[in-house]
Novice: 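Got a structure for you, written out below as structure tokens; questions coming shortly.
Order of appearance sets the numbers: ligands from 1, and atoms from 1 within every ligand.
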Amino acid sequence: MSGMMKRWLLNGRPIGRPIQDDDFKLDEAPIPSPGPGQVLLKTLWLGFDPAQKGWMENVADYVAPMEIGEVMRGSGIGQVVESNHPKYKVGDLLCGLTGWQEYLVTDGVGYERPVADLKPTAMLSVVGTTGITAYGGLFKLGEPVAGDVVVVSGAAGATGSVAGQLAKIAGCTVIGIAGGKDKCDWLTQELGFDHAIDYKSEPVRPRLKELAPRGVNVFFDNVGGSILNDTLAQIATGARIVICGGISRYQVGRMPAGPENYFNLVFRRATMRGFIVLDWMSEFPDIRRRLAGFVNAGKLQFREDEQHGFENAPRTLLRLFDGSNKGKQILKVADPA
Ligand SMILES: NC(=O)c1ccc[n+]([C@@H]2O[C@H](COP(=O)([O-])OP(=O)(O)OC[C@H]3O[C@@H](n4cnc5c(N)ncnc54)[C@H](OP(=O)(O)O)[C@@H]3O)[C@@H](O)[C@H]2O)c1
């Protein structure tokens with residue numbers, strides 16, 4: 001296929017500040033040609049993760065550094081439009097790190113096909129690394145036991161909403177912390193959370209004391225900052241604090257100060273552990289099957305927030321940081337053939 005394609009390049013490092021428009025540069029390049037054993041993928045959807053800001057800042061050492069001028073890294077789903085690969089034919093969908101570009105060439109390593117009985121974009125959300133993060137963080141680190149009180153922050157987000165529902169499946173009492181009435185109502189009225197705290201209009205610490213008088217057994221934290229500190233004040237003996245993410249730090253950029261209430265880990269003999277989902281790569285197929293099973297059994301709901309237009313990629317990423325996204329943030333770039 002000949003012609004030109006668009007791509008978004010990294011143009012700045014948002015360290016110590018929010019992401020700005022000129023941190024990205026829209027560029028044109030020739031559509032690449034697949035060599036032997038390769039396919040040409042046309043990007044159909046992009047998936048967005050708060051971690052992308054960390055990649056732009058180059059603060060994380062669990063992924064290769066991102067250089068200025070590089071195509072912005074990100075996950076996506078592409079459709080094969082030319083194939084020189086024996087395993088893939090024209091029309092096949094593949095999910096992986098497509099980056100923010102309209103076309104790309106790959107040998108398929110690191111790419112996976114969508115789950116057959118779910119919509120393709122579920123690979124970016126509930127059965128993708130998002131859902132696997134929720135599953136692994138909750139069950140491997142949180143180790144919930146039926147009857148436990150589980151608190152989830154960022155609870156109406158892509159990861160938090162799955163973590164909270166999985167805790168309900170495990171027989172726990174689940175309290176979600178999210179921003180705004182709509183999100184809180186969605187948690188309690190549609191997802192089956194027992195309680196929701198709107199951190200934008202209610203103080204978290206006294207509400208947790210009221211809702212979990214005997215303490216919090218598992219805290220699945222996506223947010224960090226004052227929400228982590230407030231929850232640490234209310235943990236039960238033997239609590240497991242799972243540090244999934246700390247999105248509250250991203251607006252300021254610098255690494256947060258340690259939580260004042262951390263000494264409660266000593267008084268309550270509690271643990272606080274972080275993780276990177278990629279460490280469980282070998283278990284992805286198995287966890288994905290379990291998540292798909294819960295979805296198909298009607299026990300696990302997921303919501304995707306689909307924006308449109310390749311030009312809107314930077315704007316779509318920003319939605320994660322002001323809480324505009326309702327569920328997994330994705331961007332539709334092109335229609336499947
Ligand atoms: N450890 C891992 O391997 C791993 C893997 C994937 C994701 N994660 C982490 O999981 C977390 C959730 O990611 P996601 O992709 O599912 O995103 P998401 O939760 O769908 O979207 C981000 C949400 O964060 C909330 N938020 C933004 N700024 C905030 C602030 N200053 N204080 C409190 N809440 C804020 C917003 O919800 P409200 O409207 O409720 O404020 C927003 O909707 C992130 O921290 C991410 O880095 C970790």
Novice: Is the shortest distance from a heavy atom of Thr129 to ligand 1 less than 4.0 Å?
Specialist: no

Novice: Using non-hydrogen atoms of the residue, decide whether Gly246 is closer than 4.0 angstrom to ligand 1.
Specialist: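 For ligand 1, residue contact (heavy atoms, under 4.0 Å) with Gly246 is present.
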
Novice: Quick one: nearest non-hydrogen protein atom to atom 31 (N) of ligand 1, plus distance?
Specialist: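 Going by distance alone, atom 31 (N) of ligand 1 is nearest to Ser248 CA, 3.5 Å.
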
Novice: So, Thr130 and Lys328: side-chain donor and acceptor under 3.5 Å apart, yes or no?
Specialist: yes

Novice: Suppose we measure from atom 21 (O) of ligand 1 to each protein heavy atom; which comes out shortest, and what is that distance?
Specialist: Asn325 ND2, 3.2 Å

Novice: Among all protein non-hydrogen atoms, which one is nearest to atom 25 (C) of ligand 1, and what is the separation to 0.1 Å?
Specialist: Ile247 CG2, 4.0 Å

Novice: Considering only heavy atoms of Ala178, which atoms of ligand 1 have at least one such atom less than 4.0 Å away?
Specialist: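 So the atoms of ligand 1 that pass are 40 (O).
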
Novice: Any idea which atoms of ligand 1 are less than 4.0 Å away from a heavy-atom of Thr133?
Specialist: 4 (C), 5 (C), 6 (C)

Novice: Looking at Arg240 and Asp148, is any side-chain nitrogen of the basic one under 4.0 Å from a carboxylate oxygen of the acidic one?
Specialist: yes

Novice: What protein heavy atom sits nearest atom 36 (C) of ligand 1, and how far off is it?
Specialist: Gly323 CA, 3.7 Å

Novice: Counting each atom of ligand 1 from 1 as listed, which ones have a heavy atom of Ala158 under 4.0 Å away?
Specialist: 16 (O), 18 (P), 19 (O), 20 (O)

Novice: With atoms numbered from 1 as shown, which atoms in ligand 1 lie under 4.0 angstrom from a non-hydrogen atom of Val277?
Specialist: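 In order of numbering, the contacting atoms are 2 (C), 3 (O).
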
Novice: Does this structure show an ion pair linking Glu28 with Arg7, if we count only N-O contacts that are shorter than 4.0 Å?
Specialist: no

Novice: Give the single entry among Cys244, Gly274, Gly160 that approaches atom 48 (C) of ligand 1 most closely by any heavy atom.
Specialist: Cys244

Novice: What class does the angle between the rings of His85 and Tyr88 fall in, given that below 30° is parallel, 30 to 60° is tilted and above 60° is perpendicular?
Specialist: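 Rings of His85 and Tyr88: tilted, 30 to 60°.
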
Novice: Nearest 0.5 Å, please: how far is CD in Glu102 from CH2 in Trp8?
Specialist: 11.0 Å

Novice: Cation-pi between Arg73 and Trp100: NZ/CZ under 6.0 Å from ring centre and within 45° of the ring axis?
Specialist: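 Relative to the ring axis of Trp100, which defines the angle, Arg73 lies outside at least one limit.
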
Novice: Is the shortest distance from a Lys or Arg side-chain nitrogen in Arg13 or Glu57 to a carboxylate oxygen in the other one below 4.0 Å?
Specialist: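 Salt bridge flag = no for Glu57 with Arg13.
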
Novice: Under a 4.0 angstrom heavy-atom cut-off, which atoms of ligand 1 come close to Val223?
Specialist: 32 (N), 33 (C), 34 (N)

Novice: With a 4.0 Å cut-off, would you call Asp335 and Lys332 a salt bridge?
Specialist: yes

Novice: When you compare the side chains of Ser153 and Asp221, does any donor N or O come within less than 3.5 Å of an acceptor on the partner?
Specialist: yes

Novice: So that I can tick it off, tell me whether Lys6 and Asp27 are bridged by a salt bridge, with the cut-off set at under 4.0 angstrom between side-chain N and carboxylate O.
Specialist: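 Answer for the salt bridge query: no.
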
Novice: With atom 12 (C) of ligand 1 as the reference point, say which of Thr159, Leu124, Asp305, Asp49 has the nearest heavy atom.
Specialist: Thr159

Novice: Among protein heavy atoms, which sits nearest to atom 45 (O) of ligand 1, and what does the distance come to when rounded to 0.1 Å?
Specialist: Asn222 O, 3.0 Å

Novice: So, are Glu304 and Lys119 salt-bridged, with charged N and O less than 4.0 Å apart?
Specialist: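 Here Glu304 pairs with Lys119 in a salt bridge, since their nearest N and O are under 4.0 Å apart.
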
Novice: In the protein, which heavy atom is nearest to atom 38 (P) of ligand 1, and how far is it?
Specialist: Lys183 NZ, 3.5 Å

Novice: Judged on heavy-atom distance to atom 27 (C) of ligand 1, which of Ile276, Leu320, Leu187, Ile132 sits nearest?
Specialist: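 Nearest option to atom 27 (C) of ligand 1, by heavy atoms: Leu320.
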
Novice: Closest non-hydrogen protein atom to atom 41 (O) of ligand 1, residue and atom name please, with distance?
Specialist: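 In this structure, atom 41 (O) of ligand 1 has Tyr199 OH, 2.5 Å as its nearest protein heavy atom.
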
Novice: Name the closest protein heavy atom to atom 47 (O) of ligand 1, giving the residue it belongs to and the distance to 0.1 Å.
Specialist: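 Closest protein heavy atom to atom 47 (O) of ligand 1: Pro50 CB, 3.8 Å.
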
Novice: With a 4.0 Å cut-off on N to O distance, would you call Glu283 and Lys140 a salt bridge?
Specialist: yes

Novice: Please work out which of Phe321, Phe275, Trp280 has its closest non-hydrogen atom nearest to atom 2 (C) of ligand 1.
Specialist: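 Of the listed residues, Phe275 has the closest heavy atom.
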
Novice: Any atoms of ligand 1 less than 4.0 Å from a non-hydrogen atom of Gly157? List them with their elements.
Specialist: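 Listed by number with element, the hits are 18 (P), 19 (O), 20 (O).
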
